[in-house]
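Notes for the one structure printed next.
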2 protein chains.
Amino acid sequence: MTTSPSSNAPQAAEVIQLLLRSTHHIQQQYEARLSALSLPFPLSGPRLRLLLAVWKAEPIRMNELAGKLGVKARTITDLVDALERDGLLIRVPDPMDRRATLLRLSAEAVPHIENVKRIQKDISESLLERLAPEQRGQLFGLLSLLAGDCEVHFVC
Amino acid sequence: MTTSPSSNAPQAAEVIQLLLRSTHHIQQQYEARLSALSLPFPLSGPRLRLLLAVWKAEPIRMNELAGKLGVKARTITDLVDALERDGLLIRVPDPMDRRATLLRLSAEAVPHIENVKRIQKDISESLLERLAPEQRGQLFGLLSLLAGDCEVHFVC
DNA sequence: TATTGTTATACTCTATAACTATA
DNA sequence: TATAGTTATAGAGTATAACAATA
């Protein structure tokens, strides 16, 4: 009496592989649609992730930002260099600690970010079109459970 | 009367962001545990993905492999160069078409792959430990629905 | 002595364009 | 003329190690 893998408990490895595969596809869609926007600057996944993290926590130290994004400080330096060159971020000395540097969004960045947030919403809606509202709630619940308490530390 | 986001329909963007964040975490765990194995060769995500795709479809043309993995042919050349240098893959001329090259796993690769499959299973179990069997089934079902029919074309 | 961010360097993954050999 | 794979080149994202300025 075999049952379909979607209604009965599948192997753990199958679930994880399906999860990785789905996300791979979603990430590709995401990046493709963001690139298609013809913004005045390139907007890759890591660049957007950094911008949104600053947007949510501004002003924020480079060091703290590295922690939130789960990358090394060295990686932040290069990304911020590029984003500052594009006029999206500003480095400000931290008055509390002269070793540290704070990051802020530039004035021009703000409307772009708001635009991107709207587009994120559209993209997300179309990616989820196959799921009914109730199923979206279920998926959200299961993913929250899966992520446990790691979710507080990272941004995406 | 507000309800918790896990029991009621959340915003689409929230669901997608949680999905991307969870997967980011899972990928990091995955790669970290694979690196910790001290195998006689490095085993990054893309390298493993390629090896498993060959393992499932062997012998397979480089061209077709590129399609399955969703990358350009040029990318395959470099990855295969490195894996061949590490003694894991073998290039074989295609008898049907002298332009084409077939890929096979080397004899030494096979036990390593089997080892990796076992480890994948362990990692997956520990990543899913918070979900009951029934919930795993639900998650699998929702992700299948989400992925639609794209899942046939890609490997992970 | 420890920490913040940078310079210097390098590796992996990915891509486009031009080329070779075959079809 | 079109396709399979390679050489040549480039760019993004990541890392380690050594160093400067400051704590």
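So that the names make sense, note that chain A is the first sequence line, chain B the second, and so on, each numbered from 1.
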*asked:* From NZ of A:K72 over to C1' of D:dA18, roughly how many Å is that when rounded to an integer?
replied: 17 Å
*Quick one: which of B:L88, B:L105, B:L102 gives a side-chain contact (heavy atoms from CB on, under 4.5 Å) with B:V54?*
B:L105
*How close or far is atom C1' of C:dT6 from atom CD of A:E84, stated in whole angstroms?*
13 Å
*To the nearest Å, give me how far apart CG (B:L83) and C1' (C:dT12) are.*
12 Å
*Is the phosphate of C:dT7, meaning OP1 or OP2, less than 4.0 Å from a side-chain N or O of A:T77?*
no
*asked:* Tell me whether the side-chain N/O atoms of B:T101 come closer than 4.0 Å to OP1 or OP2 in D:dA4.
replied: no
*Could you please name the option among D:dT14, C:dT12, C:dT16 that lies closest to any side-chain atom of B:S44?*
C:dT12
_Rounded distance in Å - CG (A:D78) to P (C:dT7)_ = 9 Å
*Does a salt bridge link B:D78 with B:R74, judged by any charged N lying under 4.0 Å from a carboxylate O?*
yes
*Does the base of C:dT7 carry an N or O that pairs as donor and acceptor with the side chain of A:R74 under 3.5 Å?*
yes
*asked:* Please classify the nucleic acid contact of B:D94 as base, sugar-phosphate, or nothing, using heavy-atom distances under 4.0 Å.
replied: nothing
*C:dT12 P sits how many Å from B:R85 CZ, rounded?*
9 Å
*Of A:L79, A:V71, A:T75, which meets side-chain contact (heavy atoms from CB on, under 4.5 Å) against A:L50?*
A:L79
*Considering only NZ, NE, NH1 and NH2 on the basic side and carboxylate oxygens on the acidic side, decide whether A:D86 and A:R47 come within less than 4.0 Å.*
yes
*Specify the separation, in whole Å, of atom CG of A:D81 and atom C1' of D:dA12.*
14 Å
_Distance test, side-chain N/O of B:R91 to OP1/OP2 of D:dT6, below 4.0 Å_ = yes
*Please figure out whether A:P42 or A:A73 has its closest DNA chain D nucleotide nearer the 5' end.*
A:P42
_Looking only at side-chain N and O atoms, does A:R33 offer a donor or acceptor that is under 3.5 Å from a partner on A:S126?_
yes
*Identify which nucleotide among C:dC13, D:dG13, C:dT14 has an atom closest to any side-chain atom of B:R47, counting heavy atoms from C-beta outward.*
C:dC13
*Under 3.5 Å donor-acceptor pair, B:R98 side-chain atoms to C:dT22 base atoms*: no
*Is there a side-chain polar atom (N or O) of B:T75 under 4.0 Å from OP1 or OP2 of C:dA15?*
yes
*From the options D:dT6, C:dA21, D:dT22, select the nucleotide whose nearest atom is closest to the side chain of B:R99.*
C:dA21
*Below 4.0 angstrom, N of the basic side chain to O of the carboxylate: do B:E125 and B:R136 qualify?*
yes
*Selected nucleotide, minimal atom distance to A:N63 side chain, candidates D:dG5, C:dT4, D:dT3*: C:dT4
*Atom-pair distance (CD1 on B:I76; C1' on C:dC13), nearest Å*: 11 Å
*The side chain of A:L79 lies closest to which of these nucleotides: C:dA15, C:dC13, D:dT14?*
D:dT14
_B:M96 CE - D:dA4 C1' separation (whole Å)_ = 16 Å
